[in-house]
Engineer: 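To start, I am sharing the structure in question, which I have written as C-alpha cells.
Every chain is numbered from 1, with letters handed out A, B, ... down the list of sequences. Nothing here was measured: the structure is a model prediction, and the numbers come from that model.
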There are 2 protein chains.
Amino acid sequence: MQPLKDEDVGGTGIAAEVGTPETRKTRRHGGISEKPGEEVAESAVGVREKNQNSVEKPVSLKILADYLGLCPATVSVVLNNVPGRSIPAETRERVRAAARKFNYQPSLLARSLRKQRTFTVGVLAPELSDGYHTMVMSGIGDHLMREGYFYLTAHHRHKPDMIEEYPRLLLGRGAEGLIAIDTALSHGLPVPVVAVAGHRKISGVTNVVLDHKRAAELSLRHLYQLGHRHIAFMRGQRFSADSDDRWKSIVNVAGELGLEIRPELTIQLERDLTSPELGYPVVQELLQKGRRFTAIVSFNDIAAIGAIRALRDRNLRVPEDVSVVGFDDIQVAAYHHPRLTTIRQPLRHMGETAARILLQRLQGFKDYPEEFAVPPELIIRETTAPPNKKQLKQQR
Amino acid sequence: MQPLKDEDVGGTGIAAEVGTPETRKTRRHGGISEKPGEEVAESAVGVREKNQNSVEKPVSLKILADYLGLCPATVSVVLNNVPGRSIPAETRERVRAAARKFNYQPSLLARSLRKQRTFTVGVLAPELSDGYHTMVMSGIGDHLMREGYFYLTAHHRHKPDMIEEYPRLLLGRGAEGLIAIDTALSHGLPVPVVAVAGHRKISGVTNVVLDHKRAAELSLRHLYQLGHRHIAFMRGQRFSADSDDRWKSIVNVAGELGLEIRPELTIQLERDLTSPELGYPVVQELLQKGRRFTAIVSFNDIAAIGAIRALRDRNLRVPEDVSVVGFDDIQVAAYHHPRLTTIRQPLRHMGETAARILLQRLQGFKDYPEEFAVPPELIIRETTAPPNKKQLKQQR
DNA sequence: AAGTTTTAGACAAACGATTGTCTTGTGCCC
DNA sequence: GGGCACAAGACAATCGTTTGTCTAAAACTT
C-alpha cells in the first residue's frame, strides 16, 4: 500500500491547484480521519452495540469522495471504469486504494434505483420443504448465483390470493423477472416469467416442463412388457400444475398400448401433503374395497412410499405381489427398501434451465421458446417385477 | 369504524373550496388520461412486447400526483396515513381512488433507500437441497413472510471464501440482518445475526441450537436400557457446525452411563453428501473389518438409511441383529422400512425461532439471549430393539 | 377589523448512486 | 501570443420515495 504515500505527495502537488483551495478546505470529511496513518477510532459506546465488530458501517460514495477531495461522480466513474472519461492513472489508483481501505461497497439499492436494474429475480413456490421444490430451487439458485443474480423467495401454499399478491410484491421489491414453480398463475406479468411445471399457456410465460408423454411411455411400457395388465393409477392433486398433463399422457399412452384404465382402479389424490401419508390411506382404501391389481403407477415417489407401506400392512409383497412405479426419483428413492423403480425428473436441471431462460430473456433475448420440454428417465430398481400368477388368477 | 364516515361528511363541506382551480388545470397529466371514465389505451405496438398483459408498467408517485393535480409529497402522505397532517377526507378519498385505479405500487426500492429500512433479511445456508436446511428454511420463510419481510438466499457449499463474501453481498443488497444455517461464520457483522446450528460464540450472533446434551441422553439412555453395550458411533463431518457439540455431548453422556466409546467403532464422516450414500460405505467398511456391535448411533437419518442398507446387504437384520438410531426425523423416517427410531430435531420450529429472534433484534430489542436451546424428542419406532444374544456372544 | 390559528398543500432536501453536460486550466500548434 | 484541443473533474439532474419546513388562504378570535 505504499502507492498511497506516493500519491499523497504527488496528489498534493497537483490537486492543490484543482478547484479553489477553499472548496477543499471547507469540505468536511464525513467522519473519516484524513490522516492516512490514523485508523478510524471505534466510538467508545461501552456496552451498547458490541456487535459492530469486524465489518464497519458502510461507507458511501460521498464520504469517500470527501476524503479524496473529489466529487462523488468522479469516484463513481473510476470505480466503474466508465469508458470515454479521462482520469489520470494516478488518480484512479488513489481512488481504488481508498475504496479498498474503507472497504467501500456500493449500495445496490441506490444503484438499482438509478439504473433501473436490480439483478434480482423472484422465485415463487407452493412450499419450501418438500423434495420437489427444493431440488428445483437448488438448480435455480445455483445458476442465478453463478450469474451474479440474487433472488427473493415466496411461498403460497396454493392459496389463490397469495398467488395473486406475491408476484406484485416481488415486483415492487425490484424483481426483474419471476420463476414460478408448480404455481397456477392466472395471467401474465409485466416482466419475463418462466414457469416450472406450469401447465397453462400464458403469453409472456415460458414453460419448462417434463416431457410427460415420454414419461408415460417409459413407465407404462415397462409395466406392460413385464406383463402387467391390471394397473392402478394415481392422479395428482388438482392444485398441482403437473397433474393434468401427466394424466392426459397416461391416458394417451395407455390407449396406444391397449391398456385399460379402470375408474375403480383410479385414485384421485386430494390432500396437500408432502409426506408419504399422501399415498397411504388411498391405497389402503383400494385394498379394503377388494380391488385387484398387479401394479400401481404412483403420482410421485413420496406417495409411492406411502403406497408400499399400505401394501405391506396388508401383507402384500412388493414387487412380488404388486409392482410400484414412482415418479421424481427423490434422494431416498434409491435407499428405500425395496429400492424404488421410478421415473426420474431431472429437477435440478429443470431449475437451472428455467433460470437460464429467464436470464436470457432479461438480457433482451426475444426469441425464447414458449415451452421447453426436458426428457425423463426410467430408473429400474426393485419395486417392479412380472405380475404374480396368483394375483392374476384372482382377477376378473 | 364509523368515525370515518363522520369525517367524510364534515370534510366535504370544507375541502370544496380548497386550492386554485387554475393550479389544477395547468398541471399536465403525465401520460395518464384525466377523464375518470376513460381507460388507458394499450399502445398498439403490434407483435412486440406481447407479454405486457394484465399488469401494467408500474405507475410512480409523481405520475399519480400529476394526474391528481397534487404534489407527490401529498399523495405519499395520504397513502401512508402519516399522522399529524391535515388533508381533507375528500382529497384523501380522491387519492386513494386514483391509487386503486392505476394499481399504484410504491417502489420498495426507493422507499428503502429513503427510509434506510428494507424489510429484507439474508439467509445463508450450505445447500438448498437437503432435508435439514430445507426444513429450517421453511420455518424461517413462514415467519418472515408472516411478518411482512422478504429474504434473499445464498448458499456457499461450505466454501470459506463464499462464507466470507456472501454476507457482504447480502448487506450490499440491503439485508438488515442475517440468518446463517449450519454456517461457520468467522466473525461478527455490522447487523444482527442469528445462527442456526452455529457452534461458535461470536459477539452479536445469537445461536439457536438443539439441546445436544439432552439429545445424547435420549438416544444413549434408550439404547442402554434396551441392553446395548457395544455401540458404534458416527461423528459428523468436520465442516458441519453441529458435529462437535453433538460429539462432545455423546462422550459426556456415555461417560455418565458408563458406556465405553471405542475408537474402532467410531466412524468419522467426511464426505459432503446429502444422500444415504453418506452412511453406506462407512458402515460397510466397519463390517468388512469384522467389528462387532449391536447398535449404531447415526449422525443423521440420511446416514442411518444408508447404514441400514449396508447392514442388510451383509444379511444383518434391523433391529433384530443391529439397532439403529437416527437423528433429525426427516419426513421419510416414518415411512422407511423399518420405520426409523430417531431423535427429532424441531427444525421448522428452530427456523421460526431464529426468524423471530432476528426480527426482535431488528426492532431494537437489545436484551436478546446469546444462545437459545431447543429441546429434542426421542421418537421410538422400529429400528431399535434389545440386542441379539448371538451377536453379543460373538463379541469379545 | 386586525390578529391569530388552522388548514391544505407546496417546496425542497434528503437517501446513494449514475451519467450527460460544463468549466477550467493546461499544453500544443503555428 | 492567440486559438484550439484536450485533460481532469466539477456540476447537476435523475431514479421514486419520505419528511421537515414553509406559505397562502381561510377560519376563528376578541
Engineer: Tell me the bend of the helix from C:dA1-D:dT30 to C:dC30-D:dG1 as the angle between end helix axes, each from five pairs, rounded to the nearest 10 degrees.
Structural biologist: 60°
Engineer: Tell me: CZ of B:Arg92 to C1' of C:dG9, nearest whole Å?
Structural biologist: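 Whole-Å distance recorded here is 12 Å.
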Engineer: Is the shortest side-chain N to carboxylate O distance from A:Glu93 to A:Arg96 below 4.0 Å?
Structural biologist: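 A salt bridge is present here (some side-chain N lies under 4.0 Å from a carboxylate O).
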Engineer: For nucleotides 12-19 of chain C, read 5' to 3', which letter fits each nucleotide if B means a protein heavy atom sits under 4.0 Å from the base, S means only the sugar-phosphate is that close, and - means neither?
Structural biologist: BBBBBBBB
Engineer: Look at the side chain of A:Ser112 and the backbone N and O of A:Leu108, then say whether any donor-acceptor pair between them is shorter than 3.5 Å.
Structural biologist: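 Present.
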Engineer: To the nearest angstrom, how far is B:Leu64 atom CG from D:dT18 atom P?
Structural biologist: 12 Å
Engineer: Once you round it to whole Å, what is the distance between P of D:dG16 and CD1 of B:Ile63?
Structural biologist: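 To the nearest whole Å, that distance equals 8 Å.
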Engineer: State whether the side chain of B:Thr120 and the backbone N or O of B:Thr118 hold a donor-acceptor pair below 3.5 Å, judged by distance alone.
Structural biologist: yes
Engineer: Measure from CZ on A:Arg173 to C1' on D:dG16 and round the result to the nearest Å.
Structural biologist: 15 Å
Engineer: Ignoring hydrogens and geometry, is there a side-chain-to-backbone donor-acceptor pair from A:Thr91 to A:Ile87 under 3.5 Å?
Structural biologist: no
Engineer: Determine yes or no for a side-chain-to-main-chain donor-acceptor pair under 3.5 angstrom, with B:Gln105 supplying the side chain and A:Gly172 the backbone.
Structural biologist: no
Engineer: May I have the distance from B:Asp66 (atom CG) to C:dA10 (atom P), rounded to whole angstrom?
Structural biologist: 11 Å
Engineer: So, does A:Arg361 use its side chain to make a donor-acceptor pair with the main chain of A:Tyr368 at under 3.5 Å?
Structural biologist: no
Engineer: Going by the rule side chain to side chain contact (heavy atoms under 4.5 Å, CB included), which residues pair with B:Met162 if we only count those two or more places apart in sequence or in a different chain?
Structural biologist: B:His156, B:Lys159, B:Tyr166
Engineer: Strictly below 4.0 Å, N to O, side chains only: are B:Asp142 and A:Arg157 in salt-bridge contact?
Structural biologist: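 So B:Asp142 pairs with A:Arg157 through a salt bridge.
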